[in-house]
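Every chain is numbered from 1, with letters handed out A, B, ... down the list of sequences.
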Amino acid sequence: MKIETVKGTRDFYPDKMRFRNWLFDKLRQVSELYGYEEFDGPFLEYLDLYAAKSGEELVNEQTYILESRGGEKLAIRPEMTPTLARMVAAKQNELRKPIRWFTIPNIWRYEQPQRGRKREFYQWNVDILGVESMDADAEVVAVTVDVLKALGLEKGEFVVRINNRYYLEELLKSLNLDLSLEPAIYREIDRIEKLKPEVFRANLEQAGLDTATVEKLETALRNRNFGDFKPLRDLWERLEQYGIAEYVEFDPSIVRGLLYYTGTVFEVWDPTKRFRRAIMGGGRYDNLITALGGQPLPGVGIACSDVTLEEMLEQLGRLPKLARTLDAFVVHYSPAERPTAIKVASQLRNGGLTTELSLSDLSLDKQLKAASNSGAHFAIIVAPAELERGEVNVKNLQTRQQQTVRVEELATILKGQL
RNA sequence: GUGGUUGUAGUAGAUAGGUAUUACACCUGAUUGUGGAUCAGGGGCAUUGGGUUCGAAUCCCAACUACCACCCCA
C-alpha cells in the first residue's frame, strides 16, 4: 500500500524546512523591527467565530468543518483575523494600546490546489489595533513594503494597490446606484482586471445597471486620482513621509472579499502580471471587535502566505540558495580511536561548534566522503600517529588544506577559522 | 464543484503494441592513513485499479496526483 500526502498538503523535508525557516525568520525580523509581538491561537475554533463576518464563500465552501465528540461544530482555522479579534476582545482592557501583533499560523482552506495555492499553508499576519487615524494604515503598508524588500524584491517587482471602501461607496452613490445592488457590483468591480471589457459591461447590465451608468463607472474606475477624499489624502501624506510612495498606487477597483473590511483595503500585486492574483491582501476592520462582543476598537492588518511568497521569489529567480551548514565532522581511523573521537566531538560542541560524529567504522575513505557530503567546513581526523602527540588532523573540506592541531586547542582554533 | 492537460528510476529526459534507453545522482572496486577527477562494475523505474490484445509504458475506462482555466483566494 502506498500512502501519499493529503491533497494540497506538503512535506517539509530538511531542504524545504530550511527555506521555510529562512522565510519565517525574515518575516519575524521585520515584524519585530516595527515593534510587533508574536502570538498564536488554537488550530480549531468554534464555527460560529467565522459565521458572522468572514464571508459566505470562505465559511461555507472553503472551511474544514468537523464535529467534536460532544457534538459541537468546530472549524479548522481558515484565516487568523477572527482568532485575533476574539483574543483581543477577551482581554481588551488589559492589553496595552495600540496592539501590535503578528503571527504565522498554518491555515486550511478546501480549495482546488494549483500553483501558488495549497490547502494547508502558512499565513503571515500583521495587525495593529486601537488607532483610528490613517497612521495605522500607513504603518501596515510600510511593514509590508519592508518585508518584501527584506525578501529580496526590488522596486518594480511588486506594487501595493490601495483603495478605500468608503471612496467606492461614495462613487456608487454619485452614480445614483441602487445600494441593494452593491454586493453584486463590488464583485464585478473586484474582477474588472480579469474580465474582458465586454464581459464586465454585460455582467453589470445583467445586475441591473444601464449602459450609461456602466460607462461612467468604468471611467471612474480607471481614475488613478482620489481627489480630495480625505482618508486617502491622509494616508498618502504618511506614505510619502515613510518614503514608500513609489511602491504604492491608488486603485479604485480593489475591493476584497472579506465582509469585515471597512475603509482602507489593499493588495500587493506583481506588476508583470505573471500572477493573476493578489500576493498579499489586507485592510481596515473597525467593527470586527464589537461583532465579537468587545468594545469598539479599530484595526488594520495584512496577510500573505508562504506559498505565494515562495512562488513569487521563484518566478523572479530570487529563491535563496540555502546550503546545509555544519562546522565539523569527526572521523576516526579505526575502532581504537572512537573513544577519542567522541571526546573530540563533545569538546567541539561544548565550544559551540555544530559537530557531526561518524558512527560507523567504515574506511577513512568512506568517512571522508560522508564528511564531504555533510556540508561540514572541517573534517577532524582522529588517527593513531597524531594522537600519540596529543594532536588531530583538521582538514578544510573546501580548500583541501590540512593542519595538525592539539586537541585542547581544537575548538578555539576552529572558531577562529570559520 | 466544472472543464482541460498530465503522470516513465532520487532528478532530468527518450521510447508512437513485442524482453525500457541515456545523463546526473547512488552503491562496489581500482595493493589496505585521506572526500569532489578518471576508469571498471552494480542496483533501482512505467501513479494505482480494471479492460482490449497472443503480448500494453504505449490503446480504452476509472480513481488519485500535479498543473492550467473557471470559481474563489494567500
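- For A:Y247 and A:F158, the ring centers are positioned less than 6.0 Å apart.
- A:R256 comes within contact range of the sugar-phosphate backbone alone, with a heavy-atom separation under 4.0 Å but no base atom that close.
- In this model, the phosphate group of B:G1 is not approached by any side-chain N or O of A:Q112 to a distance below 4.0 Å at OP1 or OP2.
- The CD atom of A:E311 sits 13 Å away from the C1' atom of B:A66 (whole-angstrom rounding).
- For RNA chain B, if you chain together Watson-Crick or G-U pairs that step i with j, i+1 with j-1 and so on, the runs of at least three with distances under 3.5 Å are B:1-5 with B:66-70, B:10-12 with B:22-24, B:26-30 with B:38-42, B:47-51 with B:59-63.
- OP1 and OP2 of B:A74 both lie 4.0 Å or more from every side-chain N or O belonging to A:R119.
- In this structure, A:A383 reaches the bases: a heavy-atom distance under 4.0 Å links it to at least one base atom across the strands shown.
- The base of B:U34 sits within donor-acceptor range of the side chain of A:Q402, with an N or O pair under 3.5 Å.
- Remark: the A:E38 side chain and the A:T103 side chain contain no N/O donor-acceptor pair separated by less than 3.5 Å.
- Look at OH on A:Y110: it is 5 Å from P on B:G1, rounded to the nearest Å.
- Checking A:T290, A:L129, A:N287, A:D286 one by one against A:L297, the side chain to side chain contact (heavy atoms under 4.5 Å, CB included) holds for a single residue, A:L129.
- The side-chain tip of A:R224 does not point at the ring of A:F250 from less than 6.0 angstrom away and within 45° of straight on.
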For this session: Take A:E337 and A:S334 through the test side-chain hydrogen bond (donor to acceptor under 3.5 Å, both in side chains) and record every step on the way to the result.
Result: CA-CA 6 Å; A:E337 285 76 42; A:S334 76; 2.6 Å; yes
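- Across the P atoms, B:U2 and B:A62 are found 13 Å apart, a figure rounded to whole Å.
- Going from atom NZ of A:K196 over to atom P of B:A69 covers 14 Å, rounded to whole Å.
- Between A:H332 atom NE2 and B:G33 atom P there is a gap of 14 Å when expressed in whole angstrom units.
- When the P atom of B:G33 is taken as reference, atom CD1 of A:I381 falls 13 Å away, rounded to whole Å.
- At whole-Å resolution of the value, CZ in A:R161 and P in B:A74 are 14 Å apart.
- Residue-level contact check: A:K366 touches the backbone only, with heavy atoms under 4.0 Å from sugar-phosphate atoms and none from bases.
- When rounded to the nearest whole Å, the span between NZ of A:K369 and P of B:A25 equals 9 Å.
- Taking atom CG of A:D11 as the reference point, atom P of B:A66 lies 12 Å away to the nearest angstrom.
- Between B:C68 and A:R115, a contact under 4.0 Å exists linking OP1 or OP2 to a side-chain N or O.
- The number of heavy-atom neighbours closer than 6.0 Å to CD of A:E132, taken from other residues, nucleotides and ligands shown, is 12 or below.
- Among the heavy atoms of the strands lying under 4.0 Å from A:A385 is at least one base atom, whether or not backbone atoms are also near.
- In terms of phosphate contacts, A:K118 brings a side-chain nitrogen or oxygen within less than 4.0 Å of OP1 or OP2 of B:C67.
- Remark: the A:E386 side chain and the A:T404 side chain contain no N/O donor-acceptor pair separated by less than 3.5 Å.
- The C1' atoms of B:U11 and B:C45 are separated by 12 Å, rounded to the nearest whole Å.
- Of all nucleotides listed (B:G33, B:A74, B:G35), B:G33 comes nearest to the side chain of A:L364.
- For B:U34, neither phosphate oxygen OP1 nor OP2 lies less than 4.0 angstrom from any side-chain nitrogen or oxygen of A:K395.
- Remark on RNA chain B: of its neighbouring residues A:D365 and A:F121, the 5'-side contact belongs to A:D365, judged by nearest-heavy-atom nucleotide.
- Contacts of A:D306 with the nucleic acid, taken as non-hydrogen atoms under 4.0 Å apart, are absent.
- For the side-chain hydrogen bond (donor to acceptor under 3.5 Å, both in side chains) criterion with A:Y285, the lone passing option out of A:D127, A:T81, A:T264 is A:D127.
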